[in-house]
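Keep in mind that the numbers below use all heavy atoms, side chains included, and drop hydrogens, waters and symmetry copies.
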Amino acid sequence: MVPNEGDIATGKRKAEEQVVSEEKRKKKKKKKQVATPRPACSWVYFSREFIKEYIASHPESSGLKAATKAASDAWKSMSLEEKAKYTNRAREVWDNYLSTAPARTPKPRKQTKLVTRCSPGRLFNVLQRLTPEQKAAVKSMGFGSLLGLRCRTLRRSLCLWLLERFNTTRCSLEICGERIPLSPKDVELVMGLAASGKDVVNSGPDDLIAVLRHSYNASNRGISVRLLEERLAAPEAGEDFKRSFVLYALGTLLSPTARLDVSPSFLHFMTNMDVVHQYNWGKFLLDRLVREVSRFRQGKQRAVGGCLLFLQLFYYESISVDGLGPLATAVVPCLSSWGEDEITEREKRERKLGGYGLGEVIFKERCLGMEYPECRDQLDGPPVDSISTGVERGPLFEQEGGTQADEEQINGEITMDEGDMPVLIRSKNVVCGDIAVVVDSVRVPCRNKEYGCNETVDYMNNDHEETCTYAPCSCPLLDCNFVGSSDQLSLHFSSKHWDSGRRFRYNSPLAVSVGMNEQFLVLQAEDDGVLFLLNKGVERIGNTVMITCIGPSSSKERFLYDLESVRGSSSLRLKSATHNFPGWLEDFHPTDFLLIPFCFLGSSGHINLDVCIWNSAELCADCPS
């Protein structure tokens, strides 16, 4: 039978389809190039061996789940010596992996959308349901300003723009061609939180908060926000309500982390709720904001923590989009001035101007003597009723008959305590009420007066406090809350914690050992009592060690130091200079450090080092001028 043209065409089409399907099948068979898998940890090697033996010796067991549970219990009860077999095996495999596997090039992450746990709307909804008794309890803790919260949403595009211009090293915003420093006082003016008092310390022994952790069902991830919302829905206004409210406010607005839950470390400063109002919440909020933004930039977390609402409102208050006209009266705190309507109108003006950062930097007069809603009866000292100026007084001041000396002080130097100042003077021409007072220089005590500084500084041009040698430093021991100047801290450590560190002599080597679970070791010089920290960190392939000096961050004094770790005929050495920090920093990421591979550690996991620190005074004497 002779095929016709139709059969021939059909045959050709089937042949072509078969070729195409064959090519697709070959492509499917082609496996994707898979990178070398990362080696397992010591627990995995142990569990594989244990589970195999367990299933063989327990045929009646319920399967892999029971065997894994038994392996977990056995692993927890093992000593370090018993685990050493599996630990050494894992290290060998890991070292081989690092030497053979190609280096991974991380893809640069471009942040186009802001992810944050800062949610003013969530706190706003809770505030609306509080009873009068609960609101009174909030005010008694110093958080009454939050009751005036009117903003429910963040402007994420603005926050992302501000984060790109937030200098975490200098703690400043670099916008509109200027560098605007941020301080705890700005937090007080914007958020209404105290910018003075005791430092908030959210660390310490876990056994001190074990009961609180249990009461809040705190897991390794944190304290559930929904659990706190359920507790705040109850009508009671006692200590449990106060603690739950502070936790909720910190976790949703003031100091949120990258996680959905609230950090259980906050419980460390809530063991006694009667002293919560004495803390410096302004400094705590700002420090946590810097820390969270730094961690985000280092790629350690996808979400941005910290109080982004503060950055947003500070920008609105500091940048004018209406030109430099007459200054409007500032409402303190500014938190209550910005609702959804005001923010929407402000955003319209920003867009009309052409975008963020095109306005003018302004400084509003902000009243320090103004009574905050939550602390009408808590002001320190009597209110200021009058100021002698020698000019006609308006209704703001009472007539008290000025003297000749009072009149001569108009253009002279005026000295007064900061607590007695009725206004925060941002410019030299201050308009107050219907009078004009021209002030050449207002001098106040240095803010480090309580730590021993006797200097008086110009309130408007204050360069002294940035380099003050009496700047406070904190005791590095986690269970001690002492704060004082570096000299006071030296005496404190020598008398109270003489057995918690190592004393050494300058220019002389000292053999030290840092335990596996120790994060730092305190070193104190015998000559001048200066405190140093031998800091230890953990990386994937070993431990990092470096030395810092406890002192004011502004101090330019440096100490050269030498670190050496020896194992057999091999040695590792670092020679560097110390940096000054006012205490121990939990999340400090150094640029200079000595990396000690795990294979250099002893069987107990200790790091053995030879440390030598040189006296800075002797070094300076040897340097040519």
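- The two residues Ser140 and Ala137 make their nearest non-hydrogen contact at OG-O, 2.6 Å.
- Of all the heavy atoms in Arg150 and Phe124, the pair that sits closest is CA-CE1, 4.2 Å.
- With hydrogens and angles ignored, the 3.5 Å screen pairs a side-chain donor or acceptor of Ser474 with a backbone N or O of Pro582.
- With 3.5 Å as the limit, one finds no donor-acceptor pair spanning the side chains of Asp341 and Thr344.
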**Q.** Leu335/Leu309 under side chain to side chain contact (heavy atoms under 4.5 Å, CB included): CA gap, chis, key distance, verdict
**A.** CA-CA 9 Å; Leu335 181 70; Leu309 180 64; 4.0 Å; yes
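- Asn580 places a side-chain N or O within 3.5 Å of a backbone atom of Ser555 that can act as its donor or acceptor partner.
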Using the side chain to side chain donor-acceptor pair (under 3.5 Å) rule, take Tyr470 and Glu450 through it: C-alpha gap first, then chi angles, then the decisive distance, then the call.
CA-CA 9 Å; Tyr470 291 90; Glu450 61 179 302; over 6 Å; no
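- Within the 3.5 Å criterion, the main-chain N or O of Trp161 finds a donor-acceptor partner in the side chain of Arg165.
- Panel note: side chain Thr578, backbone Phe559; a donor-acceptor pair is recorded below 3.5 Å.
- Pro333 approaches Val190 most closely through the heavy-atom pair CB-O, 3.7 Å.
- Here the side chain of Glu317 pairs no donor or acceptor atom with the backbone of Phe314 at under 3.5 angstrom.
- Here the shortest heavy-atom pairing between Ala303 and Phe296 reads O-CD1, 3.9 Å.
- A donor-acceptor contact closer than 3.5 angstrom is absent between the side chains of Asn448 and Ser485.
- You'll find the side chain of Lys352 stays beyond 4.5 Å of the side chain of Val321, heavy atoms only.
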- Task: List the steps, then state whether side chain to side chain contact (heavy atoms under 4.5 Å, CB included) holds for Tyr451 with Cys473.
- Result: CA-CA 10 Å; Tyr451 305 120; Cys473 302; over 6 Å; no
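- Residues Leu127 and Val138 form no side-chain contact, since every pair of their non-hydrogen atoms from C-beta on lies 4.5 Å or further apart.
- Of all non-hydrogen atoms in Leu154 and Cys118, the two that sit nearest each other are CD1-O, 3.4 Å.
- Atom CZ of Arg156 has more than 12 heavy atoms from other residues, nucleotides or ligands within 6.0 Å.
- For Trp281 (side chain) and Gly192 (main-chain N/O), no donor-acceptor pair under 3.5 Å exists by modelled atom type.
- Once rounded to the nearest 0.5 Å, the distance linking CD of Glu178 with OG of Ser172 reads 11.5 Å.
- A 4.5 Å side-chain heavy-atom check between Thr469 and Ser486 finds every atom pair outside the cut-off.
- The backbone N or O of Gln312 sits nowhere less than 3.5 Å from a side-chain atom of Arg155 that would complete a donor-acceptor pair.
- With rounding to the nearest 0.5 angstrom, the CG atom of Leu253 is 6.5 Å from the CG atom of Leu149.
- Taking Tyr316 as the reference, Trp338 meet the ring pair (Phe, Tyr, Trp, His ring centres under 6.0 Å) condition, with sequence neighbours excluded.
- How far CG of Leu285 is from CG of Asn280: 10.5 Å, rounded to the nearest 0.5 Å.
- Not one N or O on the side chain of Gln278 forms a donor-acceptor pair closer than 3.5 Å with the backbone of Lys198.
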- Can you check salt bridge (Lys or Arg N to Asp or Glu O under 4.0 Å) on Arg295 and Glu292, steps first, answer last? CA-CA 5 Å; Arg295 288 177 61 86; Glu292 292 294 326; 5.0 Å; no
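- Residues passing the salt bridge (charged side-chain N to carboxylate O under 4.0 Å, His left out) test with Arg349, sequence neighbours excluded: Asp322, Glu345.
- Between Leu286 and Phe310 the shortest side-chain heavy-atom distance falls below 4.5 Å.
- Considering only residues two or more places apart in sequence or on other chains, Lys242 meets the salt bridge (charged side-chain N to carboxylate O under 4.0 Å, His left out) condition with none of them.
- Between Glu188 and Lys185, at least one side-chain N (NZ, or NE/NH1/NH2) sits under 4.0 Å from a carboxylate O, which counts as a salt bridge.
- Side-chain N or O atoms of Asp287 include none that pairs as donor or acceptor with a backbone N or O of Phe284 at under 3.5 Å.
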With side chain to side chain contact (heavy atoms under 4.5 Å, CB included) as the criterion, how do Leu254 and Leu123 come out once you've worked through the C-alpha distance, each side chain's angles and the decisive distance to 0.1 Å? CA-CA 10 Å; Leu254 302 179; Leu123 179 61; over 6 Å; no
| task | With side chain to side chain contact (heavy atoms under 4.5 Å, CB included) as the test, would you mind laying out the steps for Cys151 and Glu340 before giving the verdict? | result | CA-CA 6 Å; Cys151 171; Glu340 292 300 307; 3.9 Å; yes
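- If you check the side chains of Ser255 and Arg288, you find a donor sitting under 3.5 Å from an acceptor.
- Rounding to the nearest 0.5 angstrom, the gap separating the CG atom in Leu182 from the CG atom in Leu289 is 8.0 Å.
- When all heavy atoms are compared, the tightest approach of Phe166 to Arg297 is O-NH2, 2.6 Å.
- The 12-atom threshold is exceeded at CG of Asn272, counting heavy atoms of other residues, nucleotides or ligands nearer than 6.0 Å.
- A salt bridge links Arg179 with Glu174: at least one charged nitrogen is closer than 4.0 Å to a carboxylate oxygen.
- In this structure the side chain of Cys307 reaches within 4.5 angstrom of the side chain of Met191, judged on heavy atoms.
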